[in-house]
Amino acid sequence: MYAIIDCNSFYASCERVFAPHLRNKPVVVLSNNDGCVIARTSEAKKLGIPMGAEYFKYKEYMEKNNIKVFSSNYPLYADMSERMINTISEIVPEIEVYSIDEAFAKLSGLPEKDYRKIGLEIKNRVYKYTGLPVSVGIAPAKTLAKVANFYAKRYPKFSNVLVLDNPTTIDQALGLLDVSEIWGIGYRYSKFLKNNNIKSALDLKNAPEAWIKKHLKVTGLRTQKELKGVSCIPLETVQPDKKQILVSRSFKNAVTDINEMKKAVSTFITIAALKMRKQHSNASILGVFVNSGRFAQARRPSEDCFKTAVLQTPSNNTFELIKIACNLVDSIFYSGYKYKKAGVFFSGLCPESGVQFSFFDTFDRDKFSKVVKTIDFLNDKYGKNTVLFAVQGEQIKLSTQEMLSPEYTTKWSDIIEVS
DNA sequence: TCTGGGGTCCTAGGACCC
DNA sequence: TCTGGGGTCCTAGGACCC
């Protein structure tokens, strides 16, 4: 038996933990640059705020209806996520952290056999310890657990915990579920399935396997088997290393100057390279892209400008990577255009310990790796951006966040005094 | 004026090997 | 009409997830 534990309106719920007067009040959280809505409490949903709603279009309506608006505060959410995961793993040791607000758990093998009781214990303890409201779905396969969670979250009579473990109840639940709600069935497939008269999850479960394999490939077949109660997607208890790392941002104000672009790209590199070092990987391919954004009038003919460099020696050294990235910017940046977005991309990741060195290497790896280690140490001890690279300029503001909550749980200056 | 940011897996087809 | 048979690696593109 598997459980999926999922926090309701996660980002908005995190904000509410530190603003108790907003309990039962409508709250939304915005994306970077305060662009659009990415989290809504049930009260905000009831007032008709759609997912992805453009803030500028709904601002007035939100003010009129007393909807509290927050800019996104990722350090806060990451910290709350960790607390949630720690609490869950006290009760169920075998868990897979699936996303910032979700975890799968294996329930078979626990001394307690009353699955509903386990679910309620998880829900109550997470709320008591962290203040976060979670829903728990429990079933013989991950996909079915997701179905159970869907109902647990929406129907008050289940008190946020639902166990689906007998065939009749499972078929009932699947019969009432739109095929597009199934985990693994996205926009394209659900449209295709509906055209072929497969409308509910139960229809999908009962469709011919060969036909599913042909049109939805093996992943679709796995989903179908899971709906039949055959577990095909195992629990991944160890988080595999990232195979690619991407850092990108939209700019509040379009970038037109190449040096401004280099500042931004260098900052993306420092973020991405730090991610690589944390998982002890080196990249063999570095990519940079710039573009005018989806809504631009004047775009370069190729629209997106993307260029990669292959590194003779895989690296995670910020000094070296910034230099290469800036050269790539030189080759893809055209003045006269307004760039709204840019990003960097690392792939061909390999373990730091298994790097093949080049005979003709000119970069002093030993020396610069010591410098980078020292920078990481200082930024870890005294807060990020304590030490910057000169090309980054004074710390650039990557995004606008007008309604940011304080970093209640992580802000360094509140914890230590730097003299 | 204003529209997010990360990821993964699978398949088909081309280039190449013997 | 017919054309050998069996492989691997890489990439682009399409699907999905949060």
Side-chain angles (χ1 to χ4, degrees), chain A residues 4-11 28-39 49-60 62 69-74 77-78 81 96-104 142-143 146 149 179-193 212-223 226 232-234 236 239-254 268 271-272 275-276 279 284-285 287 289 291-297 304 306 308 310 338 340-349 398-402:
Chain A
I4 175 85
I5 302 109
D6 170 320
C7 179
N8 314 333
S9 320
F10 181 60
Y11 295 169
V28 301
V29 176
L30 303 177
S31 63
N32 247 336
N33 290 321
D34 298 335
C36 59
V37 172
I38 54 171
I49 306 294
M51 189 63 172
E54 300 94 324
Y55 179 52
F56 72 93
K57 279 190 190 165
Y58 284 83
K59 191 173 175 185
E60 229 171 274
M62 290 182 189
V69 181
F70 287 95
S71 303
S72 35
N73 186 344
Y74 293 106
Y77 310 148
S81 173
E96 168 186 344
V97 180
Y98 179 63
S99 76
I100 193 161
D101 70 327
E102 281 175 77
F104 284 104
K142 281 173 154 185
T143 308
K146 280 274 203 179
N149 188 282
V179 77
S180 64
E181 299 288 355
I182 302 167
W183 185 50
I185 304 297
Y187 176 74
R188 285 288 160 86
Y189 282 158
S190 60
K191 229 167 91 178
F192 170 78
L193 289 169
I212 295 295
K213 170 85 198 288
K214 184 174 172 202
H215 292 104
L216 274 65
K217 316 300 173 192
V218 298
T219 41
L221 190 60
R222 274 200 282 262
T223 299
E226 288 234 324
C232 299
I233 306 172
E236 287 189 35
Q239 289 219 298
D241 283 346
K242 299 280 182 228
K243 295 173 178 173
Q244 52 188 50
I245 289 170
L246 183 139
V247 173
S248 76
R249 294 286 184 280
S250 297
F251 304 119
K252 184 76 180 174
N253 303 310
F268 301 155
I271 298 169
K275 285 189 192 181
M276 275 204 292
Q279 68 166 36
S284 53
I285 294 167
F289 66 88
N291 70 48
S292 315
R294 283 180 293 162
F295 307 97
Q297 306 294 319
D304 288 9
F306 177 55
T308 57
V310 177
K338 292 181 175 175
K340 283 293 286 180
K341 187 174 176 175
V344 303
F345 179 91
F346 289 125
S347 66
L349 264 51
L398 284 177
S399 59
T400 319
Q401 295 175 305
E402 307 268 347

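By convention in this document, chain letters (A, B, ...) are assigned in the order of the sequence lines, proteins followed by strands, and residues within each chain are numbered from 1. Everything numeric here is computed off the predicted structure, so don't read it as measured data.
Side-chain proximity of A:Lys340 to B:dG4, B:dT3, B:dA12: nearest is B:dT3. Comparing B:dG5, B:dG7, C:dC18 against the side chain of A:Lys275 picks out B:dG7 as the nearest. The side chain of A:Asn32 approaches B:dG4 more closely than any other nucleotide in the set B:dC2, B:dG7, B:dG4. Taking every side-chain heavy atom of A:Lys242 into account, B:dG7 is the closest of C:dC17, B:dT3, B:dG7. Out of C:dC17, B:dG6, B:dT11, the shortest distance to the side chain of A:Arg249 is found at B:dG6. When distances run from any side-chain atom of A:Ser250 to the nucleotides B:dT8, C:dC17, B:dG4, the shortest one goes to B:dG4.
Annotation: side chain of A:Leu216 is in contact with side chain of A:Phe192 (closest heavy-atom distance under 4.5 Å). Here the side chains of A:Leu193 and A:Ile185 are in contact, with some heavy-atom distance below 4.5 Å.
Stem analysis of DNA chain B (at least three stacked-register Watson-Crick or G-U pairs, each with both distances under 3.5 Å) gives B:5-18 with C:5-18.
Taking 4.0 angstrom as the limit, A:Asn33 places none of its side-chain polar atoms (N or O) nearer than this to OP1 or OP2 of B:dG4.
If you find the closest nucleotide of DNA chain B to A:Ser248 and to A:Glu54, the one lying nearer the 5' end belongs to A:Glu54. Nearest-nucleotide assignment on DNA chain B puts the 5′-proximal partner with A:Val247, out of A:Arg222 and A:Val247.
If you measure from atom CD of A:Glu402 to atom C1' of B:dG4, you get 17 Å, rounded to the nearest angstrom.
Within 4.0 Å of A:Tyr55, counting heavy atoms only, lies no atom of the nucleic acid at all. Residue contacts for A:Ile233: at a heavy-atom cut-off of 4.0 Å it reaches no nucleic acid atom on any strand shown. Among the heavy atoms of the strands, none lies under 4.0 Å from A:Lys59. At the heavy-atom level, A:Asp101 lies under 4.0 Å from the strands shown only through sugar-phosphate atoms. When heavy atoms are screened at a 4.0 angstrom cut-off, A:Ile100 is found touching no nucleic acid atom at all. Residue contacts shown for A:Glu102 are limited to sugar-phosphate atoms, with no base heavy atom under 4.0 Å away. If you check every strand for non-hydrogen atoms under 4.0 Å, A:Ile245 touches sugar and phosphate atoms only. Residue contacts shown for A:Lys243 are limited to sugar-phosphate atoms, with no base heavy atom under 4.0 Å away.
Here A:Tyr55 pairs with nothing under the ring pair (Phe, Tyr, Trp, His ring centres under 6.0 Å) rule; sequence neighbours left out. For A:Lys275, the side chain to side chain contact (heavy atoms under 4.5 Å, CB included) criterion is met by A:Ile245, A:Val247, A:Ile271, not counting sequence neighbours. Take A:Lys213 and apply the side chain to side chain contact (heavy atoms under 4.5 Å, CB included) test, not counting sequence neighbours, and it matches A:Val218, A:Leu221. Under the ring pair (Phe, Tyr, Trp, His ring centres under 6.0 Å) criterion, A:Phe10 pairs with no residue at all, not counting sequence neighbours. Scored by the side chain to side chain contact (heavy atoms under 4.5 Å, CB included) test, A:Ala254 finds A:Lys338, A:Lys340 as partners (sequence neighbours excluded). Residues that satisfy the ring pair (Phe, Tyr, Trp, His ring centres under 6.0 Å) test with A:Phe56, not counting sequence neighbours, are absent from this structure. Legend: residues meeting ring pair (Phe, Tyr, Trp, His ring centres under 6.0 Å) with A:Phe346, ordered by chain and number and at least two apart, are absent.
A salt bridge links A:Glu102 to A:Lys146: one of the charged nitrogens lies within less than 4.0 Å of a carboxylate oxygen.
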Every protein N/O within reach of nucleotides 13-16 of chain B N/O, cut-off under 3.5 Å:
none

